[in-house]
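Reviewing the structure listed below.
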Amino acid sequence: MSNLIILGAQWGDEGKGKMVDLFSERFDIVVRYQGGHNAGHTVFIGGRKYILKLIPSGILRPGKMAVIGNGVVIDPAALIEEIENLEAAGLSVKNHLAISNRAHVIFPFHRSVEKISEGRPGRVAIGTTSRGIGPCYEDKAGRRGIRMADLIEPDALGPLFQSLAQDKATLLHAFQIEDEADFDGMLQEYADYGRRLRPMVCDTSLLLSRAMAEGKHVLFEGAQGTMLDVDHGTYPFVTSSSAAAGGACVGAGVPPTKIDAILGVSKAYITRVGGGPFPSEAQDEYGDIIRNAGNEYGAVTGRPRRCGWFDVPLLRYTTTVNGFDSLLITKLDVLDEIDEIPVCVAYRLGGRQVTEMPATRAAMAAVEPVYEKLPGWRASTKGVTSYDELPQQAKDYLKFLEQQTGVEIGCVSTGPERNQTMVIAGSRLERLIAT
Ligand code: GDP
Ligand code: IMO
Ligand code: MG
């Protein structure tokens, strides 16, 4: 296996961090290609909990190189805090982390601007993580953003910062958002962050190109999920970056011809945080049952996640967009106590079955899920590492998902720990990671 992408097949929080940590053993470099510290990837290793936000989960494996690609938006304060926390936990980060000189920088005024779109009456609130992610990507697309290459050059930073800060001050004033920002103090503070991060900043596209030419193997780690992708997700209830597989090439500066396989991570059910349509949301007591069993609270904001049943049309759609070679199913154990498990097998809209994912928010909100109920297994699968040891109903459930989605299930996770996982014998995934 040379170069592989692992990304979310649903609305985020699928367990990408755990899967990337697990498979990173076989790779030399792990790369994040989009998003920012809106991501929260929780990894448990020997009972110890790590929450990664900007740094790819590969950093937890000694000796691996971690790369933050150009498609990521970086809050330098958050990144420095994350580096320091990991170093305090005994990991060597600074010598194993490369940060793209083309990645854009999040400033505090990006969070203030976010309040305009999220907080004002009459506006559609997305329910964002309030990290300034969207406004930073707006500046990037608006060609006025500030990049890491600028941040680390004090002479370049000053004029760019003044111009951008002035724009923001005008905007905030116009929208009557009280902002007591001390822009001069902010410039000094950020120039200092730049000085501290400078040794890690480089042309990471070139770094990856050279590494691949030397035969090094690269794993790309998605953040968020395909249904939060700015193009392919449930717009406008999405994040502002390209979480889908295509985003890996753009956000890391790597040619599409270098990607060998794409793995989709999906829960055995589904969750979403924030606003937006959710056809298979469990509106009854099962929403709470799943939330409690799966500890479904956001790693970044602590918000309770909305919970629901596995959505086949959604998975088929994200497979169309990403071309998954194999699915990695997480949190099977969370369904252990459920008698009958509904699976959404189709959407109905205006009394008719639809085969395409609706594009408008009105149609998406009007979609009615069609459920098929499967018998539960009512036995513990927690920590099971062999497919043969799974209860028959759990095997049947997985087979059903595989048949319905049309993608093989190559790996099943039965707990948060690294070793609470099984790779399915004879699967394409097994062959992919063996070579
Ligand atoms: P990510 O953002 O996709 O990396 O996912 P998160 O880390 O935000 O959320 C997934 C949560 O589920 C984390 O707390 C993981 O520790 C946990 N988790 C991952 N796989 C499993 C599993 O198979 N079973 C259980 N019970 N928890 C899991
Ligand atoms: P990981 O990588 C789940 C959601 C927010 C909100 C929308 C836009 O841990 O899977 P943003 O702050 O990005 O502008 O918010 O996207 N969101 C996530 N939901 N997991 C994430 O990341 C998310 N990152 C953003 O809740 O609905
Ligand atoms: Mg998460």
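In listed order, ligands and their atoms are each counted from 1. This one's a predicted model, so the numbers in the text were calculated from it and none came from an experiment.
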Report yes if some N/O of [X] lies less than 3.5 Å from some N/O of ligand 2; otherwise report no.
X: Gln224; answer: yes
X: Asp13; answer: yes
X: Gly134; answer: no
X: Gly40; answer: yes
X: Ser130; answer: no
X: Arg303; answer: yes
X: Glu14; answer: no

Pairing of Asp21 and Arg418 as salt bridge, 4.0 angstrom limit: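 Salt bridge present between Asp21 and Arg418.
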Salt-bridge contact Glu81-Lys53 (side-chain N to carboxylate O under 4.0 Å):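 No, no charged N to carboxylate O under 4.0 Å.
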Among protein heavy atoms, which lies nearest [atom], and at what distance?
atom: atom 8 (C) of ligand 2; value: Val238 O, 3.4 Å
atom: atom 6 (P) of ligand 1; value: Gly40 O, 3.6 Å
atom: atom 15 (O) of ligand 2; value: Thr128 CA, 3.4 Å
atom: atom 11 (C) of ligand 1; value: Lys331 NZ, 3.6 Å

Can [X] and [Y] be counted as having a side-chain donor-acceptor contact under 3.5 angstrom?
X: Ser413; Y: Lys18; answer: yes
X: Arg131; Y: Thr129; answer: no
X: Ser326; Y: Glu408; answer: yes

When you measure from the Mg ion (ligand 3) to each N, O or S atom of Asp13, which atom gives the shortest distance?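 In Asp13, the N, O or S atom with the shortest distance to the Mg ion (ligand 3) is OD1.
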Check contact between [X] and ligand 1, using heavy atoms of the residue and a distance below 4.0 angstrom.
X: Gly12; answer: no
X: Gly8; answer: no
X: Arg305; answer: yes

For ligand 2, is any non-hydrogen atom under 4.0 Å from Phe237's backbone (N, CA, C, O), its side chain (CB onward), both, or neither?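 No part of Phe237 comes within reach of ligand 2.
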Ligand-side contact atoms (ligand 2) for residue partner [X], heavy atom cut-off under 4.0 Å:
X: Gly274; answer: 27 (O)
X: Gly127; answer: 5 (C), 6 (C), 26 (O), 27 (O)
X: Ala39; answer: 1 (P), 2 (O), 9 (O), 22 (O)

Is it true that some N/O/S atom of Val300, main chain or side chain, lies under 2.8 Å from the Mg ion (ligand 3)?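 Under 2.8 Å: Val300 has no N, O or S contact with the Mg ion (ligand 3).
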Ligand 1 versus Lys16, non-hydrogen atoms closer than 4.0 Å: side chain, backbone, both, neither?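 Within the 4.0 Å criterion, Lys16 contacts ligand 1 through backbone and side-chain atoms alike.
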Less than 4.0 Å is my threshold; does some heavy atom of Arg131 fall inside it relative to ligand 2?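 Contact check Arg131 vs ligand 2: negative.
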So, regarding Gly415 and ligand 1 (criterion: nitrogen or oxygen to nitrogen or oxygen, under 3.5 Å), is there a contact or not?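 Between Gly415 and ligand 1 (N or O atoms, distance only) the closest approach is under 3.5 Å.
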